[in-house]
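Labels below follow one simple rule: chain letters A, B, ... track the order of the sequence lines, proteins then strands, and each chain is numbered from 1. None of the values given here were measured: they were computed from a predicted structure.
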Amino acid sequence: MTELPKAYEPTVVEEKWQNRWMSEGCFHADPSSDKPSYSIVIPPPNVTGVLHMGHVLNNTIQDILARRARQEGKEVLWLPGTDHAGIATQARVEKELAKETPPRTRYDVGREDFVKMVWEWKEKHGGIIIKQLKKLGCSCDWDRERFTMDDVFAPEVARAFAELFKEGLIYRGRRMVNWDPVLRTALSDEEVIMTPSKSKLYTIRYKLADGSGQLLVSTTRPETIMADVAVAVNPKDPRFGHLVGKTVIRPLVETEIPIIADDHVEIDFGTGALKITPAHDRTDFEVGMKNNLEIIDILTADGHINCPACPELHGLDRFVARDKSIELIEAKGLLEKVEDYENNVGISQRSDVPIEPRLSMQWFLKYPCVQEAADAVANGDITFRPAHWAKTYAHWLEGIQDWCISRQLWWGHRIPVWYRKDKAAELQEATKLDEADAEAGDIYVGVEPPADPENWVQDEDALDTWFSSWLWPFATMDDECRAKFYPTSDLVTGPDIIFFWVARMIMAGYRFADGQKPFSNVFFTSIVRDLQGRKMSKSLGNSPDPLDLIARYGADGLRFGLMRIAPTGTDVKFDEKQIEEGKNFANKLYNAARYRMMQGTPGTEAPKFMPVHIDILAKLKELHVTVAEALSKYEFNTYTQALYSFFWNEYCSLFLEAVKNDLREGTPAVKNATLYTIDTVLRHYLALLAPIMPHIAEELWQSLGFATRNDGKPLMNTELPGTDSLLAGLSDTDISKAKALTTALYDTANRARNLKAEYNLATNKQVRFVLKPGALPLDEDLMARLALLAGAQSATADSSYEAPKGTPTALTPFGELFLPLEGLVDVDAERTRITKELEKITKEIAKSTAKLSNASFVDRAPAAVVEQERARLSEWENKKSQLEGMLAALA
RNA sequence: GCACGAGUAGCUCAGUGGUAGAGCGGCUGUCUUACACACAGUUGGUCAGGAGUUCGAAUCUCUUCUCGUGUACCA
């Protein structure tokens, strides 16, 4: 017998198996295989990223799917990689520069050297998350790791750009965009989070130039008054109709500006008059264009006032200038009132500061294949789980706007557009650039730089990171790989990137990959929150470090614990207690296996099963079905719950406890059947468990010798055992009889333990039970198992037993159970106990009787339901008369 | 504003028309020879509120409230 530690130590075991699986190429996908294919591409984490709980959830699900698919005999590709994450990575390196003495910025370094620095940083510190994913046990094909800026991927990005440009879907234009004044770049609409914020609404007097009065104008942004070019009123507003065409004096940098009429102004809001500042507000810009107004830009790229005509404000930060401008206006006696006000402010998802609507030259994409993408989800070609996300998706596609794809960044895919050197200055200012300019030979768009680079100047901007990520499912694969594994099977990702990534990938798939969808199923995970329901974030410090959790609970424990509480379709509140349960479960598994290892080997003769054996094997067979169903429906919590309760409750608490004596002192035949059953259960069970707890499953598989019987093949490479051989040769009647007897046995054991507990007898107190048999057949084997389960010295059947007055009794499926307690009998207590039970039963009988005497119920409910109710009633009535008999015996 | 989720035991969650569940926690016992990361027992619920459909509702419908998410915006 091997001496094994009493507690499972995951750390060493997990690392051992991770190394062995990888060195034996267990995760490698073979495109030339003739097995059916199964593929997933990982949502590439940021190369600067570190593992957080969201990754754990997401990648555990992918790993379960991948490992299960391998067991089902599929050739599996799980393709890993990282994203260059333009803004995040650039910011990371800029932060390093700022720490230097003296601090530097990227502008001090220069573009070329800065990009070199980022690459160096990426090589040195990037990809930590890949190591972390390996620690979680992810079975990705690590030989195929891709990066969104590597040599294979980058040309695909440029090619996509060039194609879309040629098609006229990409164009450059001067437009209002979301400007991040900290990062000094444009952002897409999706990167702006509208946030309710408390601000002030200032009402200011604009004097009419002819001195005939004033117009009250409300604004939240007085610092932009210098850029006002008009005041607008609604043409239908009777209060102001006569003023249209007149002029007012702009309160700062005083000059006359016109009063115009525009539908856009709401009569009921504020004063009914709106200042028009086309350079600094999206809708004002439109009003300005419509009315041919001047555009005065008074903000710098980094959000400072650029207005020499107003020296008091010139050079100030936009928020400082806000207060200062109000001081100036008040000093002029033009401030009417200030009110508290709540409005929505666009906040940059990246830098967390309010964005500035800004007119600038940017590249835009009219999305391709929008209709195909919408149809695919609507008609079920692509399945969303949970299904309700399809609605969100459809809604976004309906109102889809052109995508601003250029970023004023240095780290990323540089826009593959070159301008003819002699015309560059002119072209860069052109209000619109498109395919016509390329045809004219003024600009060059291509994957490779132009042949005569000295005559060309490349566009300064880089592409939005998502413009590369949207190509991920196919641009990561070579032709051979694509032939076997594309379209991919499942995509597992968070609903927070449904627009950023999922929707765009679908469009890109149809446009660039032979009109094929990129994946068949999308599984949207829950979002992991803390116990207060807040999103996990670095700044709140409420996000546990998964590596720390792995160190303390094991990767298997973390995976299992998290999946067990991850509901489908709603967010998960993370509770570390749950992870501890995962660890405890691993320990339970380990000890159950250790217990098995302490027993001998079964004989070679065919096992002769007792009912308890048949019962657990039948439950094992059911578990196979439950697991298969749950996984096919992506119900991961059902899967884990089924695994948990089968093993802990059915196998350990009931079955093992019932057969322990077989192993200690059973006849060779009984011992043989028991060992055979145990081995069968463990072998099947570990295979079912392996997708979610791969390390411990593999470890126990090996130490229980299942691998040896199978040419030493790891569980990882073993197909799921079939269920046909389970209970072979037994009829359904045999099985259901055995199940009924075993259920009755466990039920009786429960009652016996209850009796002991009610009389305050310690669990280890050896007592004797006497059973007065009822309808079900009793034999010595059952009685022995009952004694064992109930923690009794003995349990005997005696049909003529006459219990002394006050002997504790209970009704069981096998008959009346007595716990004779010499000298401890308390007639009154016993009477009270039985009376209480009688009351309960009487209530149930009343309820049931009422139901059955309701004609509508009997007539309309399905016959089976009525029958069930009748059976229930008669059972209770039976019990009632027995209890009454007991009570009479006490008197 | 609109859309989509969610509200079940102290906590985290199951439960799609037929006797309200699990784990944890609490409380009582027990270091019983695989496991104290354990075992046995036990305590916890007007299923957010209201109305309706139905013989029967946690479950279906309507409505109110609370929370979350997405989306649109008027200065």
Side-chain angles (χ1 to χ4, degrees), chain A residues 4 6-8 193-194 201-203 217-221 232 264-277 281 283-284 341 343-344 386 388-392 395-396 399 495-496 498-499 527 529 531 533-535 553 557 564-567 569-575 577-578 580-599 635 637-638 641 644-645 648-649 652-653 656-657 660 664 750 753-758 760-766 789-791 844 847-848 851 854-862 864-866 868-869 872 876:
Chain A
L4 287 170
K6 280 186 161 193
Y8 177 59
I193 303 163
M194 297 307 283
L201 186 64
Y202 304 96
T203 303
V217 175
S218 292
T219 181
T220 52
R221 303 208 56 192
H264 175 71
V265 182
E266 296 218 0
I267 297 173
D268 301 335
F269 187 88
T271 61
L274 172 64
K275 78 189 195 74
I276 301 298
T277 321
D281 183 278
T283 45
D284 286 9
Y341 186 63
N343 64 341
N344 277 334
H388 67 254
W389 289 111
K391 205 159 181 180
T392 307
H395 183 247
W396 184 72
D496 48 335
I498 185 168
F499 310 137
I527 288 174
R529 301 176 173 279
L531 280 174
R534 299 173 305 180
K535 230 173 172 167
Y553 303 113
R564 198 151 161 260
I565 51 162
T570 169
D571 292 350
V572 52
K573 282 191 198 163
F574 179 77
D575 187 351
K577 270 260 177 294
Q578 305 289 343
E580 196 180 336
E581 281 179 46
K583 177 196 169 172
N584 294 349
F585 185 54
N587 192 56
K588 187 76 179 173
L589 289 163
Y590 167 81
N591 273 293
R594 191 164 71 95
Y595 173 69
R596 169 60 190 93
M597 283 179 248
M598 290 173 180
Q599 319 303 329
E635 288 172 359
N637 51 351
T638 308
Q641 287 293 3
Y644 186 93
S645 85
W648 205 304
N649 303 331
C652 290
S653 296
L656 272 190
E657 293 304 324
K660 271 185 173 168
R664 276 198 288 257
N750 266 334
R753 284 192 295 240
N754 286 354
L755 274 187
K756 267 177 87 171
E758 272 174 53
N760 287 327
L761 300 173
T763 37
N764 59 351
K765 167 100 178 161
Q766 290 292 303
L789 285 165
E844 293 292 348
K847 230 164 97 182
S848 195
K851 210 168 174 183
N854 178 345
S856 325
F857 172 71
V858 180
D859 294 346
R860 300 214 196 167
V865 172
V866 178
Q868 201 185 331
E869 192 61 43
R872 206 177 290 151
W876 274 321

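Between the A/Ser653 side chain and the A/Trp648 main chain, a donor and an acceptor come within less than 3.5 Å of each other. Judged by distance alone, with hydrogens and angles left aside, the side-chain atoms of A/Lys756 form a donor-acceptor pair with the main-chain N or O of A/Gly791 at under 3.5 Å. Without hydrogens or angle criteria, A/Asn591 side chain to A/Ala7 main chain gives no donor-acceptor distance under 3.5 Å. Within the 3.5 Å criterion, the main-chain N or O of A/Leu789 finds a donor-acceptor partner in the side chain of A/Arg753. When atom types are taken as modelled, the side chain of A/Asn587 and the backbone of A/Tyr8 share a donor-acceptor pair closer than 3.5 angstrom.
Atom-to-atom, CD of A/Glu635 to P of B/C13 comes out at 17 Å; the value is rounded to the nearest Å. Rounded to whole Å, atom P of B/A38 lies 12 Å from atom CG of A/Leu589. A/Asn584 places its CG atom 11 Å from the P atom of B/A36, with the value rounded to the nearest Å. Atom NZ in A/Lys573 sits about 11 Å away from atom P in B/A14, given to the nearest Å. One can place CZ of A/Arg221 at 13 Å from P of B/C74, the figure rounded to the nearest angstrom. Distance A/Phe269 CZ to B/C74 P: 10 Å, rounded to the nearest Å. Rounded to a whole Å, the CG atom of A/Asn854 is 8 Å from the P atom of B/G56. Rounded to an integer number of Å, the gap from NZ of A/Lys851 to C1' of B/G56 is 6 Å.
For A/Val865, the side-chain atoms get nearest to B/G18 when compared with the rest of B/C37, B/C74, B/G18. The side chain of A/Asn587 lies closest to B/C35, out of B/A3, B/G23, B/C35. Residue A/Thr283 has its side chain nearest to B/C74 when only B/G23, B/G18, B/C74 are considered.
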Protein proximity profile, nucleotides 66-71 of chain B - base contact B, sugar-phosphate-only contact S, no contact -, cut-off 4.0 Å on heavy atoms: --SSSS
Nucleotide-resolved protein contact map, nucleotides 25-34 of chain B, B/S/- at heavy-atom distance under 4.0 Å: ----BSSBSB
Sequence-aligned protein contact record of nucleotides 41-47 of chain B, with B where the base is within under 4.0 Å of a protein heavy atom and S where only the sugar-phosphate is: SS-----
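Both A/Arg872 and A/Val572 sit near RNA chain B, but only A/Val572 has its closest nucleotide nearer the 5' end.
Residues A/Leu274 and A/Phe269 form no side-chain contact, since every pair of their non-hydrogen atoms from C-beta on lies 4.5 Å or further apart. In this structure, A/Lys577 and A/Glu580 have side chains that are in contact, with non-hydrogen atoms separated by less than 4.5 Å.
Interatomic distance, A/Arg594 CZ to A/Leu4 CG, rounded to the nearest 0.5 Å: 6.5 Å.
A salt bridge links A/Glu869 to A/Arg872: one of the charged nitrogens lies within less than 4.0 Å of a carboxylate oxygen.
Side-chain N/O atoms of A/Asn343 include none lying less than 4.0 angstrom from OP1 or OP2 on B/C74. Taking side-chain N and O atoms only, A/Lys583 has no distance below 4.0 Å to OP1 or OP2 of B/C37.
Every residue two or more places apart in sequence or in another chain that forms a side-chain hydrogen bond (donor to acceptor under 3.5 Å, both in side chains) with A/Trp396 is listed here: A/Glu190. Taking the side-chain hydrogen bond (donor to acceptor under 3.5 Å, both in side chains) definition, one finds that A/Glu657 meets it with A/Lys660, sequence neighbours left out. Residues passing the side-chain hydrogen bond (donor to acceptor under 3.5 Å, both in side chains) test with A/Asn854, sequence neighbours excluded: A/Ser856.
Spacing of P atoms, B/U71 relative to B/A38, comes out at 44 Å, to the nearest Å. Taking atom P on both nucleotides, B/A48 is separated from B/A6 by 12 Å, rounded to a whole Å. The C1' atoms of B/A72 and B/G1 are separated by 8 Å, rounded to the nearest whole Å. Taking atom P on both nucleotides, B/U63 is separated from B/A22 by 35 Å, rounded to a whole Å. Comparing the P positions of B/C67 and B/G56 gives a spacing of 35 Å, expressed to the nearest Å. Rounded to a whole angstrom, the distance from the P atom of B/U42 to that of B/C47 is 24 Å. Nucleotides B/G17 and B/U12, compared at atom P, are 27 Å apart to the nearest Å. B/C27 and B/U64 have their P atoms separated by 44 Å, with the value rounded to a whole Å.
Nucleotide B/C24 is matched to B/G10 when pairs are restricted to Watson-Crick or G-U wobble geometry with both distances under 3.5 angstrom. Under the Watson-Crick or G-U wobble criterion, with both distances below 3.5 Å, B/C37 is left unpaired in every strand shown. Across all strands shown, nothing is found opposite B/C74 as a Watson-Crick or G-U wobble partner with both distances under 3.5 Å. Across the strands present, B/G68 finds its partner in B/C4; the criterion is a Watson-Crick or G-U wobble pair with both atom distances under 3.5 angstrom. For B/G17, there is no paired nucleotide, since no Watson-Crick or G-U wobble pair has both relevant distances below 3.5 Å. Checking B/C31 for Watson-Crick or G-U wobble geometry (two distances, each under 3.5 Å) identifies no partner in any strand. Nucleotide B/A58 is matched to nothing when pairs are restricted to Watson-Crick or G-U wobble geometry with both distances under 3.5 angstrom.
Its glycosidic angle being more than 90° from 0, B/G70 falls on the anti side.
Using a 4.0 Å heavy-atom distance criterion, A/Tyr341 is classed as a sugar-phosphate-only contact. The residue A/Ile565 sits close only to the backbone: its heavy atoms come under 4.0 Å of sugar-phosphate atoms, none of a base. Using a 4.0 Å heavy-atom distance criterion, A/Pro495 is classed as making no nucleic acid contact. Counting non-hydrogen atoms under 4.0 angstrom, A/Gln641 reaches nothing in the nucleic acid.
In plain terms, the two heavy atoms of A/Gly272 and A/Val265 that are nearest each other are O-CG1, 3.4 Å.
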